[in-house]
Amino acid sequence: DAGITQSPRHKVTETGTPVTLRCHQTENHRYMYWYRQDPGHGLRLIHYSYGVKDTDKGEVSDGYSVSRSKTEDFLLTLESATSSQTSVYFCAIKVTSGNNEQFFGPGTRLTVL
Amino acid sequence: DQQVKQNSPSLSVQEGRISILNCDYTNSMFDYFLWYKKYPAEGPTFLISISSIKDKNEDGRFTVFLNKSAKHLSLHIVPSQPGDSAVYFCAAPNSGAGSYQLTFGKGTKLSVIP
């Protein structure tokens, strides 16, 4: 599982509240990614990081911000959650020695009421 | 504009038969393709990949075929087993500078019927 954990695994929140999801890896990989998975849309990239304090936007970054202050942690923040952000969120890492394979965490199911 | 397309949302196959999952792409710059398998309530897991310099890659019951002229790849599972029931995603790396981003198709849900 490439040593990836996500927390929380489930969260229910209300519209307008801030939410932070955490991705933690134990193997010091440089590249980390946040995706959301929605029915009919597959996996879509939200933000990614290529090192400590180095992040960039993905396909669906509006309404999300990220931070990476340590190699092992990549945080995804919804500043003011909306119902359209109800989704399953996956963190992934790219192993340093691999080709283009990414390895995924177990996911966080977020419900915004 | 969807660069990786999986046009079949679902597929049902009898146990023991062959499952064929299809994927089309539009970006001729893609030079590597990956298949992921996803069970409910779990993260996607890497299954098999193929480089554009090959037209076939095999790993046990799983074989991926690449037809570059048609911009088409397929995943064959032979023989299909009930444990293969999952959602399968096709993916390709974007050619962006050093980001190693993957573009995923929307997935095909495979149901293997015992």
Side-chain angles (χ1 to χ4, degrees), chain A residues 1-10 21 23-25 29-51 54-61 66 87-110, chain B residues 1-10 21-25 27 29-54 57 59 64 73 86-109:
Chain A
D1 64 359
I4 306 168
T5 58
Q6 293 185 232
S7 59
R9 294 294 314 280
H10 302 272
L21 309 183
C23 177
H24 178 79
Q25 58 146 328
H29 296 297
R30 180 181 173 191
Y31 290 89
M32 299 183 75
Y33 308 84
W34 276 107
Y35 292 88
R36 59 179 289 174
Q37 185 200 4
D38 304 287
H41 291 278
L43 291 155
R44 293 181 293 175
L45 182 67
I46 305 171
H47 281 280
Y48 66 96
S49 170
Y50 46 97
D54 291 323
T55 65
D56 206 346
K57 296 179 180 180
E59 177 189 357
V60 290
S61 59
V66 289
S87 187
V88 182
Y89 292 86
F90 291 101
C91 173
I93 59 96
K94 176 193 171 309
V95 297
T96 306
S97 58
N99 287 314
N100 293 286
E101 296 88 2
Q102 293 180 15
F103 294 89
F104 286 79
T108 294
R109 180 172 293 276
L110 176 67
Chain B
D1 181 30
Q2 208 180 344
Q3 297 189 72
V4 177
K5 301 178 184 180
Q6 294 178 258
N7 293 319
S8 298
S10 62
L21 296 96
N22 295 304
C23 179
D24 297 298
Y25 61 97
N27 189 340
M29 297 297 291
F30 287 154
D31 60 2
Y32 196 81
F33 301 90
L34 308 92
W35 284 94
Y36 282 81
K37 176 179 181 178
K38 186 186 178 305
Y39 291 121
E42 296 183 10
T45 56
F46 169 69
L47 185 59
I48 192 169
S49 62
I50 188 166
S51 166
S52 62
I53 63 173
K54 296 184 177 181
N57 188 27
D59 184 1
V64 57
L73 61 156
V87 177
Y88 290 80
F89 293 100
C90 171
N94 290 348
S95 57
S99 66
Y100 300 102
Q101 295 181 47
L102 293 178
T103 297
F104 286 83
K106 294 183 177 182
T108 297
K109 183 177 182 179

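Residue numbers begin at 1 in each chain, while the letters A, B, ... track the order of the sequences. Note that the coordinates shown come from a computational prediction; the quantities given were computed from them, not determined experimentally.
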Q: Against chain B, label A:Q6 side chain, backbone, both or neither, depending on which of its atoms sit under 4.5 Å from a heavy atom there.
A: neither

Q.
Would you call the rings of A:Y50 and A:Y31 parallel, tilted or perpendicular, taking 30° and 60° as the class edges?
A. tilted

**Q.** Closest non-hydrogen atom pair between A:I46 and A:Y35, with its separation
**A.** CD1-C, 3.7 Å

Q | With sequence neighbours excluded, residues passing side-chain hydrogen bond (donor to acceptor under 3.5 Å, both in side chains) with B:K38 | A | none

Q) Which region of B:P44, side chain (C-beta onward) or backbone (N, CA, C, O), has a non-hydrogen atom less than 4.5 Å from a non-hydrogen atom of chain A, or is it both or neither? A) both

(Q) At a 4.5 Å cut-off on heavy atoms, which part of A:R44 comes close to chain B: side chain, backbone, both, or neither? (A) neither

Q: Check each atom of A:L43 against the heavy atoms of chain B and say whether the ones under 4.5 Å are side chain, backbone, both or neither.
A: both

Q: Give, as side chain, backbone, both or neither, the part of B:L34 having an atom under 4.5 angstrom from any heavy atom of chain A.
A: side chain

(Q) Other residues, nucleotides and ligands only: do more than 12 of their heavy atoms fall within 6.0 Å of CZ on A:R109? (A) no

Q: Locate the shortest heavy-atom distance separating B:S49 from B:V64; write the atom from each residue and the value.
A: O-CG1, 3.8 Å

**Q.** Contact class of B:A92 relative to chain A, heavy atoms under 4.5 angstrom
**A.** neither

